Protein chains: 4
Amino acid sequence: MFRIDANSDVPVFQQIVDGVKSAIARGACRPGEAIPSVRGMAAEVLVNPNTVAKAYRDLEREGVIQTQRGKGLFVSPDAPELCREDRRNTVLRKLNALIAEAQAAGIPASELAKAIGEERASDHEQTEPE
Amino acid sequence: MFRIDANSDVPVFQQIVDGVKSAIARGACRPGEAIPSVRGMAAEVLVNPNTVAKAYRDLEREGVIQTQRGKGLFVSPDAPELCREDRRNTVLRKLNALIAEAQAAGIPASELAKAIGEERASDHEQTEPE
Amino acid sequence: MFRIDANSDVPVFQQIVDGVKSAIARGACRPGEAIPSVRGMAAEVLVNPNTVAKAYRDLEREGVIQTQRGKGLFVSPDAPELCREDRRNTVLRKLNALIAEAQAAGIPASELAKAIGEERASDHEQTEPE
Amino acid sequence: MFRIDANSDVPVFQQIVDGVKSAIARGACRPGEAIPSVRGMAAEVLVNPNTVAKAYRDLEREGVIQTQRGKGLFVSPDAPELCREDRRNTVLRKLNALIAEAQAAGIPASELAKAIGEERASDHEQTEPE
DNA sequence: GTGGTCTAGACCACC
DNA sequence: GTGGTCTAGACCACA
């Protein structure tokens, strides 16, 4: 599903939240599907169960997953819609911040556009559908 | 020179470091020039002098500024080179992370490229007449 | 691990940095081991936690230790290599400065060599029986 | 007579004090000779006159130089003796500290002795009288 | 005037 | 529990 980078500066619980949202957004997890239990996920990604629990609490509060008493946790019906929007907003917000940061340093936006173009060309042509 | 966003999640001292680097990178500060004193900068951006001192300490360790005992802090000769490279690396690194984050969520890189294009068009119409 | 000399002219935080590096260099701390927590070390050497944190911050920036959020600080894998080299360079650099200082005052290097020899003889007679 | 290193971590006034003492210790300045005035020295080594004045104050307090009203500053009769002892004590004290620092890091004193030997052999054979 | 160090104490996020 | 950040205020050395 996703991997945890212990050396990253983004908190582990946030990596879990983002990982689950991304999996749902890209269609890897579908509404109604069960997601690993707190303990299962903790064992899978090798983190403290408390950390997973916190991530799941956030996901449930946002309506991405739902608890069914005694059965476990499931992807909510409108999770794909929610996650796609959430991920899109998050990425675009970060992108705008990055553009601003670049301009403050005198780096024109065209440089960023160019870098994206190179990334797309070199790494994976299968992701260029349109 | 720059402004501090107290609501940002990036630490104040880091904002100062980045702000000074950006100012040097874009040519607003030239080698040999003095930068505002610890107390002066603290008053300017309304933070505690210790916070400014922490930022300046980082800048000196990276070779961006040099301290002359009792006189103040000065932009080092090779600071522009250092800062331009540093800012460029930082921005491109963040951009690559963002591209990866987008792809994990099923957002094609073309979306990011499009968003940058729109930003450029709206900000300065002289490059792209509408 | 080491002791702090409050009367020394070298700053306390620097003594901590050097002490930790020396401990790693001589093999008293091994990679992967945790080093005392900020608060623990502060209590141990009787200084303010902020002072310890400053020292640890330096050590992390040099790659000697790594912080794991919420868990503590750990000796990095290549710390022994780093510290041995760092300590060796530092000592030899100081030694060269000292030789230069001596020569400026008309003290021949042979005097220094003699002094080292006496120190070795007095400290551990097993190498040089008197 | 000597040069000031503005980037050194040893204070400028201290460099002046040490420089004068060393010149006397090695016999470059003899008792009764005049030493440059505060202004003259300040112009010579390109530092603030206040800094030179502070250095001279220290030298006078230690009995190395003497003020003759209206005439200037002169090397005192017992300055050579004083300076030779002072320089020797200072260097040996620093050397002992360095040996201790090396041993704390697991560097044997023999390494230091070896380094001195190499320095003597490579740099200047004229300084090996005995 | 300058920067550097240290202390004390608070608040926060993370695990 | 952990480290990280920030503030407030003190003291010192240097130029």
Side-chain angles (χ1 to χ4, degrees), chain A residues 4 6 8-17 42 46-55 58, chain B residues 4 6 8-16 34-42 45-57 59-60 65-74, chain C residues 4 6 8-16 34-42 45-60 65-74, chain D residues 4 6 8-17 42 45-55 58:
Chain A
I4 296 298
S8 165
D9 57 338
V10 31
V12 173
F13 88 91
Q14 188 67 53
Q15 292 186 48
I16 296 173
V17 169
L46 299 174
V47 301
N48 190 301
N50 290 332
T51 306
V52 178
K54 172 165 184 178
D58 282 18
Chain B
I4 296 298
S8 166
D9 57 338
V10 31
V12 173
F13 84 92
Q14 188 65 53
Q15 292 185 46
I16 297 174
I35 66 172
S37 75
V38 169
R39 294 164 174 91
M41 176 68 84
V45 300
L46 299 174
V47 300
N48 189 288
N50 284 334
T51 305
V52 178
K54 186 176 182 180
Y56 281 7
R57 189 176 149 82
L59 287 168
E60 185 176 20
I65 61 179
Q66 289 172 334
T67 134
Q68 292 188 16
R69 271 187 314 280
K71 288 194 191 170
L73 296 146
F74 298 84
Chain C
I4 296 298
S8 167
D9 57 338
V10 31
V12 174
F13 84 92
Q14 188 65 54
Q15 292 186 48
I16 297 174
I35 65 172
S37 75
V38 170
R39 293 165 174 92
M41 176 67 84
V45 298
L46 298 174
V47 301
N48 188 287
N50 284 334
T51 305
V52 178
K54 186 176 182 179
Y56 281 7
R57 187 177 150 81
D58 277 22
L59 288 168
E60 184 176 20
I65 61 178
Q66 289 172 334
T67 133
Q68 293 187 14
R69 271 186 314 279
K71 289 193 189 170
L73 296 146
F74 300 84
Chain D
I4 296 297
S8 165
D9 57 339
V10 32
V12 173
F13 87 92
Q14 188 68 55
Q15 293 185 47
I16 296 173
V17 170
V45 297
L46 298 173
V47 301
N48 191 301
N50 291 332
T51 306
V52 178
K54 172 166 184 180
D58 283 17

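By convention in this document, chain letters (A, B, ...) are assigned in the order of the sequence lines, proteins followed by strands, and residues within each chain are numbered from 1. Here the structure is a predicted model, which is why all the values come from computation and not from measurement.
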Check every atom of [options] against the side chain of [X] and return the nucleotide holding the closest atom.
X	options	result
C/V12	F/dC14, E/dC6, E/dT7	E/dC6
D/P11	E/dT5, F/dC14, F/dG4	F/dC14
C/T67	E/dT5, F/dG3, E/dG4	F/dG3
C/F13	E/dC6, F/dG4, E/dT2	E/dC6
C/N50	F/dG4, E/dT7, E/dC15	E/dT7
C/N48	E/dT7, E/dC14, F/dT7	E/dT7

| note | Partner of F/dA8 under the Watson-Crick or G-U wobble criteria, both distances under 3.5 Å, comes out as E/dT7
| For F/dT2, which nucleotide in any strand shown is its Watson-Crick or wobble partner with both distances under 3.5 Å? | E/dA13
Mind calculating the distance between [atom1] ([X]) and [atom2] ([N]) to the nearest angstrom?
X	N	atom1	atom2	answer
C/Q15	E/dT5	CD	P	12 Å
C/M41	E/dC6	CE	C1'	17 Å
C/Q68	F/dG4	CD	C1'	16 Å
C/Q14	E/dT5	CD	P	8 Å
C/I65	F/dG3	CD1	P	9 Å
C/L73	F/dG1	CG	P	16 Å
C/L59	F/dG3	CG	C1'	14 Å
C/L46	E/dC6	CG	P	14 Å

If you take all heavy atoms of [X] and [Y], which pair is closest and at what distance?
X	Y	answer
D/P11	B/R69	CA-NH2, 3.6 Å
A/A42	A/P49	CB-CA, 3.8 Å
C/V38	C/Y56	CG2-CD2, 3.8 Å

| So does C/R57 get a side-chain nitrogen or oxygen closer than 4.0 Å to the phosphate oxygens (OP1/OP2) of F/dT5? | yes
| task | Report yes if a side-chain nitrogen or oxygen of B/R69 is closer than 4.0 Å to either non-bridging phosphate oxygen (OP1 or OP2) of E/dG4; otherwise report no. | result | no
| field | Whichever of D/T51 and C/E60 has its nearest DNA chain F nucleotide further upstream toward 5' | value | C/E60
When rounded to the nearest 0.5 angstrom, what is the spacing between [atom1] in [X] and [atom2] in [Y]?
X	Y	atom1	atom2	answer
C/L46	C/I4	CG	CD1	9.5 Å
C/R57	B/R57	CZ	CZ	8.0 Å
B/L59	B/I35	CG	CD1	6.5 Å

| said: Can you say whether a donor on the side chain of B/R39 sits under 3.5 Å from an acceptor on the base of E/dG3, or the other way round? | reply: yes
| request: Return the 5'-most residue of the pair B/G72, C/K54 with respect to DNA chain E, ranking by each residue's nearest nucleotide. | output: B/G72
